[in-house]
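Okay, so here's the structure we're looking at.
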Number of protein chains: 2
Amino acid sequence: MFTTYIVLTLMTYTKALAFSQEQQEVARIAKLLSHPARIAILEHLAETKSCISGDISKVLPLSRTTVSQHLQELKSAGLIKGEIEGLTVCYCIDQEVFDEARKVMEQLLHRIKSVCCSDQCDC
Amino acid sequence: MFTTYIVLTLMTYTKALAFSQEQQEVARIAKLLSHPARIAILEHLAETKSCISGDISKVLPLSRTTVSQHLQELKSAGLIKGEIEGLTVCYCIDQEVFDEARKVMEQLLHRIKSVCCSDQCDC
DNA sequence: TATGTATGTCGTAAACATACGTCATAGTAT
DNA sequence: ATACTATGACGTATGTTTACGACATACATA
């Protein structure tokens with residue numbers, strides 16, 4: 001009875017666990033890229049070709065707090081690294097992790113190829 | 001005063017508009033792929049190599065209502081097409097739209113390449 | 001030591017996403 | 001016509017994300 005209640009409570013928003021590891025992995029990566037701010041942060045880190053030791057929020061239309069939050073998401077996912085350098089924090093892309101994420105993403109994108117409705121309907 | 005209130009109200013969750021068109025486009029595509037159910041749906045549509053005329057929820061660990069909702073998201077984004085075929089609806093991938101989305105996604109993924117911290121820090 | 005500057009942390013409000021039950025609709029078949 | 005079946009539409013509860021202000025912390029420098 002108690003167990004059933006817990007299961008039912010957890011069911012909302014946790015059905016993701018019922019899908020394959022790979023599907024979850026792709027979804028996780030896609031989620032990281034699903035906000036323009038995080039795209040902008042990654043692009044900025046790539047463009048500067050060096051660590052960002054300064055306030056990235058100055059080049060983004062967001063408050064420092066919000067940017068920090070997005071950075072934290074990217075960092076906890078491993079996509080970027082951040083090292084404290086005196087007064088500032090040096091953020092940069094973890095190319096190894098990012099390349100692996102790209103590989104997973106591209107594999108999926110190329111798997112989605114279908115010959116549709118060859119005989120059943122008109123779409 | 002009234003205008004200011006509206007602007008302030010709209011500011012939450014609409015900062016996305018302040019980013020570039022391309023950043024928004026990538027984020028939009030990524031968001032579609034950010035849930036395992038939608039990945040699973042796309043993979044299933046690709047695997048069957050034909051229209052799905054039946055209840056996709058039967059091969060997914062989700063209720064019919066929820067699956068229908070995910071299908072609607074993919075459809076309104078144009079990634080899949082759905083034609084009513086009598087009693088059932090024939091869903092299939094719009095390969096042209098999907099290929100374009102893949103292109104946009106891959107372009108971004110390959111743009112994120114940085115030589116990090118060559119001289120500034122140790123990450 | 002005090003002061004300034006840069007960053008992280010916490011709390012919170014509002015918007016959005018997920019999941020599902022229930023009802024309505026529309027075609028199929030008896 | 002009536003019952004059956006498959007789907008869409010609507011409403012709703014719960015969880016998550018986004019955005020930011022306010023406070024705490026930590027280092028550099030005067």
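Residue numbers begin at 1 in each chain, while the letters A, B, ... track the order of the sequences.
In this model, no side-chain donor or acceptor of A:Ser68 finds a partner on the base of C:dG8 within 3.5 Å. No N or O donor and acceptor, one from the side chain of B:Arg64 and one from the base of C:dG21, sit under 3.5 Å apart.
B:Leu62 places its CG atom 17 Å from the P atom of C:dA17, with the value rounded to the nearest Å. The CD atom of B:Glu73 sits 14 Å away from the P atom of D:dG8 (whole-angstrom rounding). Between the NZ atom of A:Lys75 and the C1' atom of C:dT7 there is a distance of 11 Å, rounded to whole Å. Computed from coordinates, the A:His70 NE2 to C:dT7 C1' distance equals 17 Å when rounded to whole Å. Spacing between atom CD of B:Glu83 and atom C1' of D:dT7 amounts to 15 Å, rounded to whole angstrom units. Remark: P of D:dT16 and NE2 of B:His35 are 11 Å apart, rounded to the nearest angstrom. Note: CD (A:Gln72) to C1' (C:dT7) measures 11 Å, nearest angstrom. Rounded to an integer number of Å, the gap from B:Ile56 CD1 to D:dA6 P is 14 Å.
The side chain of A:Tyr91 contributes an N or O atom lying less than 4.0 Å from OP1 or OP2 of C:dG8.
In this model, no donor atom of one side chain and acceptor atom of the other lie less than 3.5 Å apart for A:His35 and B:Gln23. A:Thr65 and A:Ser68 are not linked by any side-chain donor-acceptor pair at a separation below 3.5 angstrom, with hydrogens and angles left out of the test.
Residue B:Gln69 is in base contact, counting any heavy-atom pair closer than 4.0 Å across all strands shown.
Two residues, A:Leu71 and B:Arg38, neighbour DNA chain C, and the one matched to the more 5' nucleotide by heavy-atom proximity is A:Leu71.
Of the candidates D:dC10, C:dG8, C:dC16, C:dC16 carries the atom nearest the B:Lys31 side chain, counting heavy atoms from C-beta on. Taking the side chain of A:Thr65 as heavy atoms from C-beta on, and the options D:dA22, C:dT7, D:dG8, the nearest nucleotide is D:dA22. Side-chain atoms of A:Thr66 lie closest to D:dC20 of the nucleotides C:dA17, D:dC20, C:dC20.
In this structure, A:Arg111 pairs ionically with A:Glu22, as a charged nitrogen and a carboxylate oxygen lie closer than 4.0 Å. Under 4.0 Å is where a charged nitrogen must lie from a carboxylate oxygen, and between B:Glu106 and B:Lys103 no such pair does.
For B:Ala101, the side chain to side chain contact (heavy atoms under 4.5 Å, CB included) partners at least two apart in sequence or on another chain are B:Ile29, B:Leu79.
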